[in-house]
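All values reported here derive from a predicted model rather than from experimental measurement.
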Amino acid sequence: MMRTRPLKVALLGCGVVGSEVARIMTTHADDLTARIGAPVELAGIAVRRPDKVRAGVPAELVTTDATALVKRGDIDVVIEVIGGIEPARSLITTAFEHGASVVSANKALVAADGAALHAAAEANGADLYYEAAVAGAIPLVRPLRESLAGDKVNRVLGIVNGTTNFILDKMDSTGSGYSEALDEATALGYAEADPTADVEGFDAAAKAAILAGIAFHTRVTIDDVHREGLTEVTAADIASAKRMGCTVKLLAICERAADGGSVTARVHPAMIPLTHPLASVREAYNAVFVEADAAGQLMFYGPGAGGSPTASAVLGDLVAVCRNKLAGATGPGESAYTALPVSPMGEVVTRYHISLDVADKPGVLAQVATVFAEHGVSIDTVRQQGKDGEASLVVVTHRAADAALSSTVGALRELDTVRGVASIMRVEGE
């Protein structure tokens, strides 16, 4: 039997995502009612600028008092799409205390304080859902949290930031430099006026923390994630990758150690073979590759940002949370039973591509090879080019620990014949 009393929803934020959520809730009200088993009513929308024109948003629902809205007592679900740490954290906690479940798209908050938020939800018999916090419309959180709950996930490898993927794709396809590609991304609306969160890897690191925590049933915060951006990637790096049959992507990589005793989470540029599925992910799209014991290799692909894709994920969570409300139940909460430590980056083992500027004279290669050998880093291939007393030396290693590679590079810098280290990049996906 269909319940006639509506479930009341409060919306915190009405920007690009929030306005799309409000629009879909209004235009697809009948479908949402049929899927949930009860009507849903948008009961209030909290904004910072009430005078801004918002097409299709009823003015009588708009308020600047977000705290009063979540404290009303008759709100069943709060949708939080304002972002940032505060006031979002306080508002979500207050919503739980007043009987509401929460749907959030706030990757920064979940990555920084997810454990406390889950605890607050559980203490108040409420749900906390956040599919929209990672990769927009791509279903990732729920498959990891529910569909793969009976499996053992060993690795999550993905492109989770559309801005950086667009920039690197343009550098690869047109031969342009980083600045030119960033300018194009900005002009097309893919990059913010201040692109720091994207290009320095903060956005991807928050998503990596969330994915690692869910995949490995352990607590991982953004502070546990090693982070490198793409601002130092050059056209020469892209060209070198092409010569190896690779392309460069900014990857979020979450791995379980071979012995199962720890996990790692990192974000950095890396070369991946053109044969890897992630190599074909173009422009501002996202894709995540999941490796599990029983399921094997799975790939999730689609638009990772934007108003409509993110709103789709928000509304999927809204339907799930509302169904739980009607059933008098809650969905999956935090699963951190493994309590695995997060290993430092120095213990991560991978391959490396190192480009050196060296003197063009006999014996240089032998000196460089000796340094690698002394630090226990095995060389796979070497390519050398020289002209007018100067040369470049490109070394690709076998798998080695990050700490060993760092000490090797430090020793190389001490050689008189090494003019400088032009670039260092990891090689993944092999």
Please set out all donor-acceptor pairs under 3.5 angstrom arising from side-chain atoms of residues 248-258, sequence neighbours excluded.
residue	atom	partner	partner atom	Å
Lys249	NZ	Asn165	OD1	3.2
Lys249	NZ	Val281	O	2.6
Glu255	OE1	Arg266	NH2	2.8
Glu255	OE2	Arg155	NE	2.6
Glu255	OE2	Arg155	NH2	3.4
Arg256	NE	Val153	O	3.1
Arg256	NH2	Val153	O	3.0

Review item, side-chain donor-acceptor pairs of residues 38-60, under 3.5 Å, at least two apart:
residue	atom	partner	partner atom	Å
Arg54	NH1	Arg49	O	3.0
Arg54	NH1	Lys52	O	3.2
Arg54	NH2	Arg49	O	2.9

Check your understanding: Could you give the distance from NE2 (His276) to CE (Met271), rounded to the nearest 0.5 Å?
Key -> 16.0 Å
Check your understanding: When Leu318 is tested against each of Val21, Ile79, Leu7 for side-chain contact (heavy atoms from CB on, under 4.5 Å), which residue passes?
Key -> Ile79
Exercise for review: Using atom types as modelled and distance alone, determine if a side-chain donor or acceptor of Asn106 lies under 3.5 Å from a backbone N or O of Gly84.
Suggested key: yes
Point to revise | Steps toward side-chain contact (heavy atoms from CB on, under 4.5 Å) verdict (Phe96, Val70) | key: CA-CA 9 Å; Phe96 290 145; Val70 299; over 6 Å; no
Exercise for review: Show your reasoning for whether side-chain contact (heavy atoms from CB on, under 4.5 Å) applies to Val377 and Ile379.
Suggested key: CA-CA 7 Å; Val377 179; Ile379 294 175; 5.9 Å; no
Exercise for review: Have a look at Val220 and tell me which of Asp224, Asp223, Ile222 forms a side-chain contact (heavy atoms from CB on, under 4.5 Å) with it.
Suggested key: Asp224
Practice item. Please round to the nearest 0.5 Å and tell me the distance separating atom NZ of Lys207 and atom NZ of Lys107. Key: 5.0 Å
**Study point:** Over 12 non-hydrogen atoms of neighbours within 6.0 angstrom of CD in Glu192
**Key:** no
**Study point:** Ser240 and Asp237: CA distance, side-chain angles, deciding distance, side chain to side chain donor-acceptor pair (under 3.5 Å) verdict
**Key:** CA-CA 5 Å; Ser240 191; Asp237 292 327; over 6 Å; no
Point to revise | No-hydrogen, no-angle side-chain donor-acceptor test under 3.5 Å, Glu97 and Thr93 | key: no
Point to revise | Intermediate values then yes/no, side chain to side chain donor-acceptor pair (under 3.5 Å), Thr264 and Glu347 | key: CA-CA 9 Å; Thr264 59; Glu347 297 179 12; over 6 Å; no
Review point. With distance as the sole criterion, is a donor-acceptor pair present between the side chains of Ser262 and Ser343 under 3.5 Å?
Key: yes
Check your understanding: Is the backbone N or O of Ala311 less than 3.5 Å from a side-chain atom of Glu20, with the two atoms forming a donor-acceptor pair by type?
Key -> no
Exercise for review: Would you kindly say whether Thr196 and Asp194 are connected by a side-chain donor-acceptor distance under 3.5 Å?
Suggested key: yes
Study note, to complete from the structure: Result for side-chain contact (heavy atoms from CB on, under 4.5 Å) between Ser355 and one of Val394, Val421, Ile424, Val395 points to Val394
Practice item. Salt-bridge test for Glu180 and Lys170: reply yes if a basic N is under 4.0 Å from a carboxylate O, no otherwise. Key: no
Check your understanding: Do side-chain atoms of His98 reach the backbone of Thr94 as a donor and acceptor pair under 3.5 angstrom?
Key -> yes
Exercise for review: With sequence neighbours excluded, tell me which residues meet ring pair (Phe, Tyr, Trp, His ring centres under 6.0 Å) with His375.
Suggested key: none
Review point. Passes side-chain contact (heavy atoms from CB on, under 4.5 Å), Leu91 versus Ile82? Steps please.
Key: CA-CA 10 Å; Leu91 290 169; Ile82 56 179; 4.0 Å; yes
Point to revise | Gap between atom OG1 of Thr234 and atom CE of Met171 - 0.5 Å precision | key: 6.5 Å
Check your understanding: Between the side chains of His217 and Ser335, does any donor sit under 3.5 Å from an acceptor?
Key -> yes
Review point. Do Arg142 and Asp317 sit within salt-bridge range, that is, some charged N less than 4.0 Å from a carboxylate O?
Key: yes
**Study point:** Expected output: side-chain Glu131 to main-chain Leu140 donor-acceptor under 3.5 Å
**Key:** yes
Review point. Any idea which heavy atoms bring Gly125 and Thr330 closest together, and the distance?
Key: O-CG2, 3.5 Å
Study note, to complete from the structure: Applying ring pair (Phe, Tyr, Trp, His ring centres under 6.0 Å) to Tyr130 and not counting sequence neighbours gives His118
Revision key, fill the gap. The ring pair (Phe, Tyr, Trp, His ring centres under 6.0 Å) partners of Tyr301 (sequence neighbours excluded) come to Tyr285
Review point. Do Phe202 and Val267 have side-chain heavy atoms sitting under 4.5 Å apart?
Key: no
Exercise for review: Start with the C-alpha distance between Thr231 and Glu200, add both sets of side-chain angles, then the distance that settles side-chain contact (heavy atoms from CB on, under 4.5 Å), and finish with yes or no.
Suggested key: CA-CA 7 Å; Thr231 56; Glu200 294 293 354; 3.5 Å; yes
Practice item. Could you verify whether a donor N or O on one side chain and an acceptor N or O on the other, from Ser423 and Glu232, lie under 3.5 Å apart? Key: no
Review point. Is there a donor-acceptor contact under 3.5 Å from the side chain of Glu80 to the main chain of Gly83?
Key: yes
Check your understanding: Can we say Lys8 and Asp74 salt-bridge, meaning some charged N sits less than 4.0 Å from an Asp/Glu carboxylate O?
Key -> yes
**Study point:** Residue among Thr397, Asp402, Thr408 satisfying side-chain hydrogen bond (donor to acceptor under 3.5 Å, both in side chains) with Tyr352
**Key:** Asp402
Exercise for review: Might you point out which heavy atoms bring Thr163 and Ala191 nearest each other, and give the distance in Å?
Suggested key: CG2-CB, 3.8 Å
Review point. Any donor-acceptor pair under 3.5 Å linking the side chain of Asp169 with the backbone of Glu283?
Key: yes
Point to revise | Minimum heavy-atom distance between Ser176 and Ala181, given as atom pair plus value | key: OG-CB, 4.0 Å
**Study point:** Check: Ala404 main-chain N/O paired with Ser407 side-chain donor or acceptor under 3.5 Å
**Key:** yes
Exercise for review: Indicate the atoms forming the closest heavy-atom contact of Ile85 with Ala112, along with that distance.
Suggested key: CD1-CB, 4.2 Å
Review point. Got a second to check how far Ile159's CD1 is from Thr164's OG1, nearest 0.5 Å?
Key: 8.0 Å
Point to revise | Shortest non-hydrogen contact between Ala279 and Thr247, atoms and distance | key: CB-CG2, 3.9 Å
Point to revise | Distance-only donor-acceptor check, side chains Tyr190 and Asp198, under 3.5 Å | key: no
Review point. Roughly how far, to the nearest 0.5 Å, is CE of Met244 from CD1 of Ile272?
Key: 12.0 Å
Review point. Is the backbone of Ala320 close enough, under 3.5 Å, to the side chain of Arg35 for a donor and an acceptor to pair up by distance?
Key: no
Review point. Between CG of Asn161 and CG of Asp203, what distance do you get to the nearest 0.5 Å?
Key: 4.5 Å
Can you give me every donor-acceptor pair (side chain of residues 293-300, partner residue at least two apart or in another chain, under 3.5 Å) with its distance?
residue	atom	partner	partner atom	Å
Asp293	OD1	Asn154	ND2	2.7

Point to revise | Minimum-distance pair of heavy atoms, taken over all atoms of Ala135 and Asn286 | key: CA-OD1, 3.8 Å
Review point. Checking Ser312 side chain against Ser308 main chain: does a donor-acceptor pair fall under 3.5 Å?
Key: no
Practice item. Answer yes or no: does atom NZ of Lys71 have more than 12 heavy-atom neighbours from other residues, nucleotides or ligands under 6.0 Å? Key: no
